[in-house]
Amino acid sequence: MSTIHDQAMNYVYQQVLQRLLSFFSRAERTALQLLIQRLAVAAGGMENIGQFKVLVNQTGSRDSCYTLALLRAAQLSIAGRAPGTFQLRVATLRWSGNSDTALQNMHRSYGALFLYDDPRVELLMLDHRQVLRQVAAAQRQRAHFP
């Protein structure tokens with residue numbers, strides 16, 4: 001059953017990548033390829049990309065969601081061509097100034113990019129002095145969005 005689940009999830013990830021690529025303009029797809037090349041160089045080659053970690057700060061703004069989508073497209077693109085891909089860490093600073101719109105944007109983008117259940121993605125919520133991991137952060141965000 002695990003093999004069937006993995007195959008189904010890989011199919012879902014391919015669909016997410018295709019949807020992202022269709023959203024991007026030609027110039028953005030070119031920029032995506034350059035990003036993938038730079039990530040490979042920073043990791044020390046494609047053979048080491050599986051041990052590389054990329055941290056991105058998510059604020060819920062339009063630019064932040066776009067950056068996350070670009071990094072997710074790079075991650076999924078590499079996963080389709082190489083045996084491994086980089087670990088994506090998404091950190092969100094929770095503070096009283098966060099608007100409901102920003103939180104909804106984050107939740108929507110996490111759901112659309114299938115970040116909640118992907119083991120290659122680590123969602124972190126920094127709340128006061130606590131760092132909440134993926135499951136706790138996802139549950140807390142879902143509690144705010146019925």
Side-chain angles (χ1 to χ4, degrees), residues 1-94 98 100-127 130-146:
M1 177 117 127
S2 177
T3 303
I4 294 171
H5 180 265
D6 290 344
Q7 289 173 348
M9 290 309 295
N10 284 332
Y11 180 70
V12 169
Y13 297 141
Q14 288 172 0
Q15 288 180 326
V16 170
L17 177 60
Q18 290 306 315
R19 187 173 51 194
L20 284 170
L21 292 176
S22 69
F23 175 75
F24 293 147
S25 69
R26 181 177 218 169
E28 291 166 333
R29 287 191 300 271
T30 302
L32 174 64
Q33 294 306 315
L34 292 172
L35 174 64
I36 291 170
Q37 289 175 357
R38 288 185 179 200
L39 288 169
V41 169
M46 284 303 260
E47 61 277 357
N48 297 327
I49 198 81
Q51 291 122 23
F52 197 65
K53 294 181 182 176
V54 176
L55 174 67
V56 62
N57 181 32
Q58 175 64 305
T59 63
S61 69
R62 185 176 183 172
D63 291 340
S64 182
C65 291
Y66 181 78
T67 301
L68 182 61
L70 190 64
L71 280 169
R72 181 65 166 163
Q75 184 186 43
L76 295 175
S77 183
I78 292 170
R81 294 185 267 173
T85 188
F86 61 89
Q87 179 82 15
L88 181 60
R89 286 184 174 166
V90 182
T92 304
L93 178 60
R94 176 88 186 214
N98 282 4
D100 287 338
T101 303
L103 292 173
Q104 289 172 352
N105 287 344
M106 283 186 270
H107 175 66
R108 258 195 317 271
S109 61
Y110 292 173
L113 296 172
F114 282 80
L115 299 181
Y116 285 120
D117 298 319
D118 192 342
R120 301 169 294 197
V121 177
E122 186 177 10
L123 297 174
L124 302 172
M125 176 73 72
L126 286 73
D127 192 0
Q130 296 178 339
V131 177
L132 307 170
R133 290 222 177 265
Q134 180 177 5
V135 175
Q139 288 172 349
R140 178 173 275 191
Q141 280 194 346
R142 288 180 185 151
H144 290 284
F145 309 106

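On a predicted model such as this, the values are computed, not experimentally measured, just so you know.
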Please report the closest heavy-atom contact between [X] and [Y], naming both atoms and the distance.
X   : Y    : value
G84 : I49  : O-CG2, 3.4 Å
L55 : A91  : CD1-CB, 4.0 Å
L71 : F86  : O-CZ, 3.5 Å
L39 : V54  : CD2-CG2, 3.8 Å
Q58 : S109 : NE2-OG, 3.5 Å
M46 : A40  : SD-CB, 3.5 Å

Quick one: list whatever passes side chain to side chain donor-acceptor pair (under 3.5 Å) with [X], sequence neighbours left out.
X   : value
S25 : E28
S61 : T59
T85 : none

Atom [atom1] of [X] and atom [atom2] of [Y]: how far apart are they, to the nearest 0.5 Å?
X   : Y    : atom1 : atom2 : answer
L32 : S77  : CG    : OG    : 5.5 Å
R29 : L20  : CZ    : CG    : 11.5 Å
C65 : R108 : SG    : CZ    : 8.0 Å
Q37 : L35  : CD    : CG    : 10.0 Å
D63 : L68  : CG    : CG    : 12.5 Å

(message) Treating R72 as the side-chain partner and L115 as the backbone partner, does any N or O pair qualify as donor plus acceptor under 3.5 Å?
(response) no
(request) Side-chain contact test, heavy atoms from C-beta onward, threshold under 4.5 Å: evaluate it for V41 versus R38 and give yes or no. (result) no
(request) Please report the C-alpha distance between T92 and Y110 in whole Å, then the side-chain angles of each, then the deciding distance to 0.1 Å, and finally whether the side-chain contact (heavy atoms from CB on, under 4.5 Å) criterion is met. (result) CA-CA 12 Å; T92 304; Y110 292 173; 2.9 Å; yes
(request) Decide if atom CZ of R62 counts as having more than 12 heavy atoms of other residues, nucleotides or ligands within a radius under 6.0 Å. (result) no
(request) Taking atom OH of Y66 as the centre, report whether more than 12 heavy atoms of other residues, nucleotides or ligands fall under 6.0 Å from it. (result) yes
(message) Hydrogens and angles aside, do T30 and R26 bring a side-chain donor and acceptor to less than 3.5 Å of each other?
(response) no
(request) Give the C-alpha distance, both sets of side-chain angles, the deciding distance and a yes or no for side-chain contact (heavy atoms from CB on, under 4.5 Å) between L70 and F24. (result) CA-CA 9 Å; L70 190 64; F24 293 147; 4.0 Å; yes
(request) Applying salt bridge (Lys or Arg N to Asp or Glu O under 4.0 Å), name anything that partners R19, two or more places apart in sequence or on another chain. (result) none
(request) Apply salt bridge (Lys or Arg N to Asp or Glu O under 4.0 Å) to R120 and list each qualifying residue two or more places apart in sequence or on a separate chain. (result) D118
Cut-off 3.5 Å, no hydrogens considered: what does the side-chain donor-acceptor table look like for residues 8-15, sequence neighbours left out?
unit_1 : atom_1 : unit_2 : atom_2 : d
N10    : ND2    : D6     : O      : 3.2
Y11    : OH     : Q15    : NE2    : 3.1

(request) Indicate the ring-plane relationship of Y116 and H107, choosing parallel, tilted or perpendicular according to the 30° and 60° boundaries. (result) tilted
